[in-house]
There are 2 protein chains.
Amino acid sequence: MGPVPKNPQPALAPVDRAILRLLAEDARMPNNAIAEAVGIAPSTCLARMRALRERGVIRGFHADVDPAALGLGIQAMIAVRLHAHTKERISSFTAEIPHLPGVVAAYHLAGADDYLLHVAVPDTDALRDFVLDHLTAHPAVAHTETSLIFGHMRGEAVS
Amino acid sequence: MGPVPKNPQPALAPVDRAILRLLAEDARMPNNAIAEAVGIAPSTCLARMRALRERGVIRGFHADVDPAALGLGIQAMIAVRLHAHTKERISSFTAEIPHLPGVVAAYHLAGADDYLLHVAVPDTDALRDFVLDHLTAHPAVAHTETSLIFGHMRGEAVS
DNA sequence: ATTGAAATAGGCCCCGT
DNA sequence: ACGGGGCCTATTTCAAT
């Protein structure tokens, strides 16, 4: 019995990985420049980029905006623990999360905590209000733990 | 005594906020389309975009790549607690973090845990190796706690 | 600061090979 | 996968308001 294949999807060509690396670094890099950098023709590069988007390998292109410039000077990570045995309310909580004001990202975790919320708010008052109004007041929420974020860094693994 | 001003920086014009919102959603949106959507001339829009970049309001444009397509099928959050009183080693750890293989993002926290590492790896073996080789083996690291990520969502607060 | 027009450049689709 | 041609669109600069 041979090893179970780990990648059900066709492996990415090296040239595709190179394209992705460039786009992850600068999403507005012109197609011509990408083509030249990876050593293929612009038309080929364009076709590959389209394919990457259609296959869902590229999920989107986003500007990275400094929250402080938007008046959101405080960032925090909030670990959220939900009550067990309330599936409907858990579902409703999950659906509400991305729309809560100030939520940058939400992670659904395996472990003691069920969710990790990355939030950006104007000040500590707003942080308190966020936790009290949207988390502790929610029937599905059992416990929260908030940690201020001093700073963050992007890694080199493509995000 | 009046209230302390909360925004030392000049407030962002509404048109700038509109531009940022569009670019955060689609960083490759053409300047023409942005200009039309926010109701200004393309040349004006270009000037404002340049100013936003030069002021650091826009920190960059990045493609959002599906880690699974890169063979990184497992994602996790690792809370890292460091030893106190070892500032040099803490600094070296901080400097190494973004370059560790598989690190998507790193958050420097206030609280019981010092760092939160978002990692993407091929499989659980690689996750174990990451923790053992780069974290528990590091002299500055006192404790780690790993939580698998079931899923994540982008919020609506600009990131 | 914002604009419109004009020139440059790049993107894109179809056709070949 | 590559190259070229034709066409369209986008970007960029600049003079003027």
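Reminder, nothing fancy here: chain letters follow the sequence lines and each chain counts from 1.
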(request) Locate the shortest heavy-atom distance separating B:Ile74 from B:Thr124; write the atom from each residue and the value. (result) CG1-N, 4.1 Å

(message) Looking at B:Asn31 and B:Pro42, would you say the former's side chain and the latter's main chain have a donor-acceptor pair under 3.5 Å?
(response) yes

(message) Measure CZ/B:Arg28 against P/D:dT11 and give the value in whole Å, please.
(response) 10 Å

(message) Using a 3.5 Å limit on both distances, find every run of at least three consecutive Watson-Crick or G-U pairs that involves DNA chain D.
(response) C:1-11 with D:7-17, C:13-17 with D:1-5

(message) Using whole Å, what does the distance between atom P of nucleotide D:dG3 and atom CD of A:Glu36 come to?
(response) 12 Å

(message) Could you tell me how far apart B:Ile34 (CD1) and D:dT11 (P) are, to the nearest whole angstrom?
(response) 8 Å

(request) Could you measure between the two C1' atoms, the one in C:dT17 and the one in D:dC7, and give it in whole Å? (result) 22 Å

(request) Rounded off to whole Å, could you give me the CG-to-P distance for the B:Leu46 and D:dC14 pair? (result) 13 Å

(request) Please state whether the phosphate of D:dT11, meaning OP1 or OP2, lies under 4.0 angstrom from any side-chain nitrogen or oxygen of B:Arg50. (result) no

(message) With side chain to side chain contact (heavy atoms under 4.5 Å, CB included) as the criterion, how do A:His152 and A:Gln75 come out once you've worked through the C-alpha distance, each side chain's angles and the decisive distance to 0.1 Å?
(response) CA-CA 10 Å; A:His152 62 88; A:Gln75 289 182 253; 4.0 Å; yes

(request) Start with the C-alpha gap between B:Asp113 and B:Arg81, add the side-chain angles, then the distance that decides, and say whether salt bridge (Lys or Arg N to Asp or Glu O under 4.0 Å) holds. (result) CA-CA 5 Å; B:Asp113 296 311; B:Arg81 206 167 296 185; 3.1 Å; yes

(request) Working to the nearest 0.5 Å, report the span between CD1 of B:Ile34 and CZ of B:Arg48. (result) 13.5 Å

(request) Grab the two heavy atoms, one from B:Val103 and one from B:Ile97, that are nearest each other, plus how far apart they are. (result) CG2-O, 3.6 Å

(message) Looking at B:Leu132, is its backbone amide N or carbonyl O close enough to the side chain of B:Thr136 to form a donor-acceptor pair, meaning the two atoms are under 3.5 Å apart?
(response) yes

(request) For C:dG11, take OP1 and OP2 only and decide whether either is under 4.0 Å from a side-chain N or O of A:Asn32. (result) yes

(request) Grab the CG-C1' distance between A:Asn31 and D:dC8 for me, whole Å please. (result) 16 Å

(request) Report yes if the side chains of A:His108 and B:Ile149 come closer than 4.5 Å at any heavy-atom pair, otherwise no. (result) no

Using a cut-off of under 3.5 Å, enumerate the N/O to N/O pairs linking the protein to nucleotides 2-4 of chain C.
unit_1, atom_1, unit_2, atom_2, d
C:dT2, OP1, B:Arg48, NH2, 2.6
C:dT2, OP2, B:Arg48, NE, 3.4
C:dT2, OP2, B:Arg48, NH2, 3.2
C:dT3, OP2, B:Ala41, N, 3.0
C:dT3, OP2, B:Thr44, OG1, 2.8
C:dG4, O6, B:Ser43, OG, 3.0

(request) Work out which heavy atom in B:Phe61 is nearest to a heavy atom in B:Ala27; give both atom names and the distance. (result) CD2-CB, 3.6 Å

